[in-house]
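First listed ligand is number 1; within each ligand, the first listed atom is number 1.
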Amino acid sequence: MQNVVIKNISDKYSFVKIFPIGKSMCGRKINALSIGNRKNATLYACTFHGMEWINTLLIFHFFEELCCAYKERKIIFDVNIFEVLNKQGLVVLPCVNPDGVEIQIHGSSSCKKYEKFINRITDDTKHWQANARGVDLNHNFNAGWQQLRKLETEQGIVGPAPTRFGGRRPFSELETIALCNFCLREKFRFAIAFHSQGREVYCSYEKTPQKSIELGELFSKYSGYNLANPPEIATGGGFKDWLIGYMKTPAITVETGLGENPLPASDYLAEYEIIKKALVKCLEF
Ligand SMILES: [Zn+2]
């Protein structure tokens, strides 16, 4: 699916840059698309978890609308898209965990190299969140990883699993290494990590910087999503935690949609309409 959408965008909009930031454990590309000023850019990153591919659909839809607005010099919600993106560009990662999505949708045979391994872990790949090695990417970042490990152990998660196993060490996976190196290179102005579900915004980690709180409040104001604190097992080890704690980059996590994961694909347009204003207004942050 990604390849078709990406080709359409690149055929239609020559000003968009498309490049891989790395590869997954099974060799699938982790694609990035950028528009506007890359030297001073914002990051929207999606689909860290196998069941949360609705955000890939949502972000592609948003990105295409942005491209159209940029080309035609449109104003959306009082934001001059061409002007703002030339000052502060946007990079999107539609899918950080391409293997996890394939496993969730098509089963273990979509990751040949790890097929037997996955079958030993579970016979229920419909609820698969991890990457192909059974590591939860959003538990694998080097931010409070040890404390998170303790919580995982208390919950009986001590090895590769469909969800919530943080790996043998921080940054043990190709996907998290790729994202880490990419952020070290690009030094984003701020970042939003999209997950599902709950219609909530999380901005706290350790001594939460004022900028993350302001960003969270901004997203919450324009989307109507609730500004919340994460449940304990979701604290630490995550991408936004590492951005705040190590990179000192303002960051928030947004939980799109409401219901049970995986949310049906048919939900994505309605959910996009709910958060569209927040996605646009945050470009000016
Ligand atoms: Zn998630």
message = Within the 3.5 Å criterion, strictly below it, is a donor on Ser196 or Asn261 matched to an acceptor on the partner's side chain?
response = no
From Leu90, Thr42, Leu215, residue fulfilling side-chain contact (heavy atoms from CB on, under 4.5 Å) relative to Cys282 = Leu215
ask   = Heavy atoms, side chains only, cut-off 4.5 Å: are Trp53 and Glu102 in contact?
value = no
request  = Could you name all protein N, O or S atoms found under 2.8 Å from the Zn ion (ligand 1)?
outcome  = His49 ND1, Glu52 OE1, Glu52 OE2, His195 ND1
message = One pair to check against ring pair (Phe, Tyr, Trp, His ring centres under 6.0 Å): Tyr202 and Tyr225. What are the steps and the verdict?
response = CA-CA 10 Å; Tyr202 299 119; Tyr225 281 16; over 10 Å; no
ask   = Looking at the rings of Phe182 and Phe188, which for Trp means the six-membered one, are their centres under 6.0 Å apart?
value =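 Distance test on ring centres: under 6.0 Å, yes.
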query = Should Ile21 and Phe190 be regarded as members of a common hydrophobic cluster, given that ILVMFWY residues are connected when their side-chain heavy atoms come within less than 4.5 Å of each other, either directly or indirectly?
reply =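 Each belongs to a different hydrophobic cluster.
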